[in-house]
*Asks:* 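One structure is given below, represented as structure tokens, and several questions about it will come after.
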Amino acid sequence: MEISKTYDPKVAEREHYKRWEASGFFAPEINQNADAESFSIVIPPPNVTGSLHMGHALQHTLMDTLTRWKRMRGYRTLFLVGTDHAGISTQLMVTKQLKKDEHKSPRDIGREAFTAKVWEWKKKYGGEITRQIRHEGLSVDWSRERFTMDESLSKAVREVFVRLYEEGSIYRGTRIVNWCPKDKTVLSDLEVKEEKAKDGRLYYLKYPVIDAKARTAIWAKSDGDNASDRFITVATTRPETMLGDTAVAVNPDDDRYKDLVGKTIALPLTNREIPIIADEYVESEFGTGAVKITPAHDPNDWELGERHGLEKLVIMNDDATMNETAGPEFVGLDRYVAREKVIEKFGELGLLEKIDDYEVTLPHCERCKTVIEPLLSEQWFVKMDTLRDLALDLMRKENSPRFFPEVPHKKVYTAWLENLKDWTISRQLWWGHQIPAWYDVQGNVFVASSLDEAAEKAGTRELTQDEDVLDTWFSSALWPFSTLGWTGEGNRQAAEGSGQPTANRQSPTDLSVFYPTDVLVTGRDILFLWVSRMVMTGLKFTGQKPFDDVIIHGTVLDKNGQRMSKTKGNGIDPLDVFDKYGVDATRMTLAGSATGVDFAWRDERVESFRNFANKIWNATRFCLMNSEGASIDLDAFYSFSNTTSLADRWILSRLNKTAKAVNYALETYQFHEAVQLLYHFFWDDFCDWYIELVKDEITAGAIYAASPDGEGSADTGTAEPVEVSDETAAARTRILTVLEQALRLLHPFMPFLTEELWQKLPGVSSGMHNSAYSSAGQSIMLTDFPVGDDALIDEQAEREMTSVIELISRIRNIRSEMNIKPGEKLSVHVAASGSVQAIFKQNEPQILKLARADRIVLTEKLDVPKASAKAVLGGGGEIAVPLEGLIDFEKERKRLQNQIEKLDVELQRLNGQLSNANFVEKAPMEKVEALRVRQAEIERQVRALRHSSEVLV
RNA sequence: GCCGACUUAGCUCAGUGGUAGAGCACUCGCUUCACACGCGAUAGGUCACAAGUUCAAAUCUUGUAGUCGGUACCA
């Protein structure tokens, strides 16, 4: 079989995914075991406008690894995929394009035409992210792909809205909201980011106080001199809002202002007279202790205004320019221009006391970074109290969902729920789920799932639907059940005939089979925005939690530990990494990071996994070059476990231990642990030791023709068929069988490479599948995942192999330190106990080969020439390599001294501990005993090394 | 302000109440017939600092410093 010397990931990545998908391997229907347990994961739907970034790649890798693992374990597995309509992002993108292509705004073409354009855009470009998901190798069920604006999901949205409205949890109200003047929509608190302002200032404005006497005078005269001799100074960071002030507030206990409460001031730049009021909210220590109150433009002021029945003057338009109410001098000015002008005017009037530098954090629009303007506006809200209690009760009573890692997310999640405020759900956009509320000509509102229902309620069809759409997260909150066919009670039948695209299977049992889902994998940043809301709506509308476990993965940082961001331009494109190192190596890198911990991206790390992939490739290549006469045979392997060589018993033990540990690691979501286990099993145990130990056995009889062109040097295909003895064939079968099991263990992490290699192994068939998939086309992804068999874990074999490895390592150390040429063969003298001698005797050929020795002399006591290099073995052994003429005595003494020193450090510590009466008395007996044994062993080794060193002189 | 996390080898990171680990980089030696994306052998750490608990602390507690997050308020 021709097989290249280095692994080219692209070949495997091109072929296998298509076949897996076309063969229906990803769909749960592939599982033919009617009793199979189900396992389901829903993807956090990426924005339809988005393209793959490292955060996706990380969470996708974890989800797919779990899915492939569970599938191989025989679960009826669903990894549900889909995308999010991403209201603001998508609308912005299409708006931009519209402007560029047609020089038109959405308003120019109207709502219907605009949304049609967005759908067009989605059709054309929305597939980018799903193509990338295929590239990643995700075993998602494309036949169940969903989009948050699919008819069935939209129906669920309307259903939920209507139900919440009918029970009073959704209401329409006028509140101070977070307004983005650029996107011209309201935002929820979670879509607002606080950032420090570059040049924050605190402006001190003097307001003239009017008393009864001055009242008449002030309006009569314009110079203000006689108006009053008193001023009250307020401090503000947003002076332009003074145009909407309707009061000045002071603390009721503030002696400075006690006599002023109840009086009024003449609000400069306006002709309004506003009261001075007292309210506990004001802190006397801050600023001047007097606060200007602008109820329509500040949330705290609004509340205070409510308490005192103040007028609420809106002085801005929705683009943050000033409106008529701000006064003729200001109308039309941008808020910042107006600010300058207000300050200028105050200066002219002598009413500007001072301006201080002041650090201030301002809310910014998460999307466009514009400074948010708190604005009085009528919006739709969800009352969160009952929903919150559902989620809190679940956490308190059942500790659910379980977070991985639990610290700090459980606490953060709980604390956030406890302080939950109402959720602003309306958005002034066209792209999204239009709010299912209709108004009649009188302005009465009718909330219903459809116009027909609303008309029925209203008794007229002269209705206008609410212009706004819902927050994108409103539909995402329903994702775990809306994607599985939930359309609300009594609505299921309607959903069946809802014009769902025919490619989508709408199985009425999906919800019952796959809900609740098993585990959610997502990032920290959407814990509140998404995770908590899914819990709340899930409990509310299905009566069940949406998932058991939540894995919160870390953030992939750039190589300097900085967050990747578009503006910094420090992002690493997963597709570039795929291209350079292969998907499997990238997946291993991502899965190899500790769960929940941020990590700095290093190409070197991927490179090492690329090398690992190549190692697997070459190990397999070697096995295939020596596979004549053999084929994978698990039964034979099991039956050999008691009779074959140490190497065989050992690798079998290592394999089964690794399998057990990998399963445990995955059960506890310790992906990095599984990656480490597999890496070391494959590279160290299998390649460095097992292959080397059995190499002679499996290559026996093979002809390696030196190839003239230097390629395909080992080629059994073109030579005469080689006679293979039964023993050789059996050894080949054993190594192939171990390899096959190892590939299965690796498959959830490295799907492409393992499929590519597995298909090449002799004797693979769908007979190796988990019984749930017995009639499917053969693929490693359907094989039974090894779980590890205790009966095949052989501690004695592992101990014995440790001795052999130690012996070989000691000899290699001598070779290397003494600069023995590789071609030079040594004879090795070993003094050891009878049982250890027997082990070495049995494995003599392998020891000779790996230590590059031609003779091994086993004795009770060493009897060697002075010109020998020596070393000690654990358990009382000693070795010597006669090096007549080759030895450098000085060097050898140094080498021995070095080893003595190292042992001595440990010995000192042991002696110290064991001479401590407290330790011997209070520490557990077995611990003390273990240290004593260790002490004796080291003392013996040190003695032996000292002796060796002395005889050199 | 409040809450939290982190600080371990040159770098990136695992880990644990009882002998400190990996990958990469470094040093030395190898074209040994699967692999130089390789093989073999070294070197490298007061586990941020201080106190406490304990027979025993890098690990638990408290404090300090630095780094990074989250969140609230800000007239």
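Throughout, protein chains are lettered first and strands after them, A, B, ... in sequence-line order, and every chain is numbered starting at 1. In what follows, every heavy atom counts, from backbone to side chain, and hydrogens, waters and symmetry copies are set aside.
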*Asks:* Look at A:K902 and B:A43 and indicate whether a side-chain polar atom (N or O) is within less than 4.0 Å of OP1 or OP2.
*Replies:* yes

*Asks:* Using Watson-Crick or G-U wobble geometry with both distances below 3.5 Å, tell me the partner of B:A43, or none.
*Replies:* none

*Asks:* Could you check which nucleotide pairs with B:U64 in any of the strands shown, counting Watson-Crick or G-U wobble with both distances under 3.5 Å?
*Replies:* B:A48

*Asks:* In whole Å, what separates the C1' atom of B:U71 from that of B:U12?
*Replies:* 30 Å

*Asks:* Considering every strand shown, what is the Watson-Crick or G-U wobble mate of B:U19 when both distances are under 3.5 Å?
*Replies:* none

*Asks:* Which part of the nucleic acid does A:R852 contact within heavy-atom distance under 4.0 Å: base, sugar-phosphate only, or nothing?
*Replies:* base

*Asks:* Across nucleotides 18-25 of chain B, 5' to 3', mark each nucleotide with B, S or - according to how protein heavy atoms within less than 4.0 Å reach it.
*Replies:* BBS-SSS-

*Asks:* With a 3.5 Å cut-off and just heavy-atom distances, do the side chain of A:K5 and the base of B:C35 make a donor-acceptor pair?
*Replies:* no

*Asks:* Assign the ring pair A:F612 / A:W683 to parallel, tilted or perpendicular, where the plane angle (0 to 90°) is split at 30° and 60°.
*Replies:* parallel

*Asks:* Between A:E692 and A:K695, does at least one N-O distance fall below 4.0 Å, as a salt bridge requires?
*Replies:* yes

*Asks:* Which whole number of Å gives the distance between the P atom of B:G15 and that of B:A56?
*Replies:* 27 Å

*Asks:* Using a cut-off of 4.0 Å on non-hydrogen atoms, how would the nucleic acid contact of A:I293 be classed: base, sugar-phosphate, or nothing?
*Replies:* nothing

*Asks:* Of all the choices, B:A41, B:A14, B:C55, which nucleotide is nearest to the side chain of A:N916 once you look at every atom?
*Replies:* B:C55

*Asks:* Both distances below 3.5 Å, Watson-Crick or wobble geometry, any strand: find the nucleotide opposite B:U59.
*Replies:* none

*Asks:* Taking the same atom, C1', in B:C30 and in B:G10, what whole-Å distance lies between them?
*Replies:* 26 Å

*Asks:* Rounded to whole angstrom units, what separation is found between the CZ atom of A:F622 and the P atom of B:G38?
*Replies:* 17 Å

*Asks:* Between B:A5, B:C37, B:C39, which nucleotide gets closest to the side-chain atoms of A:N614?
*Replies:* B:C37

*Asks:* Assess the pair A:F609 and A:Y679: is the distance between their ring centroids shorter than 6.0 Å?
*Replies:* yes

*Asks:* For A:N813 and A:A613, find the nucleotide of RNA chain B closest to each by heavy atoms; which residue's nucleotide sits nearer the 5' end?
*Replies:* A:A613

*Asks:* Across all strands shown, which nucleotide pairs with B:G69 by Watson-Crick or G-U wobble geometry, both distances under 3.5 Å?
*Replies:* B:C3

*Asks:* Below 3.5 Å, does any donor atom in the side chain of A:E692 face an acceptor in the base of B:A34, or the other way round?
*Replies:* yes

*Asks:* Which whole number of Å gives the distance between the C1' atom of B:A5 and that of B:C39?
*Replies:* 42 Å

*Asks:* Collect all protein-nucleotide pairs involving nucleotides 63-73 of chain B in which both atoms are nitrogen or oxygen and the distance is under 3.5 Å.
*Replies:*
{"unit_1": "B:C73", "atom_1": "N4", "unit_2": "A:T361", "atom_2": "OG1", "d": "3.1"}

*Asks:* Consider side-chain contact (heavy atoms from CB on, under 4.5 Å). Of A:Q941, A:Q935, A:R934, which one does A:I938 pass it with?
*Replies:* A:R934

*Asks:* Could you check which nucleotide pairs with B:C24 in any of the strands shown, counting Watson-Crick or G-U wobble with both distances under 3.5 Å?
*Replies:* B:G10

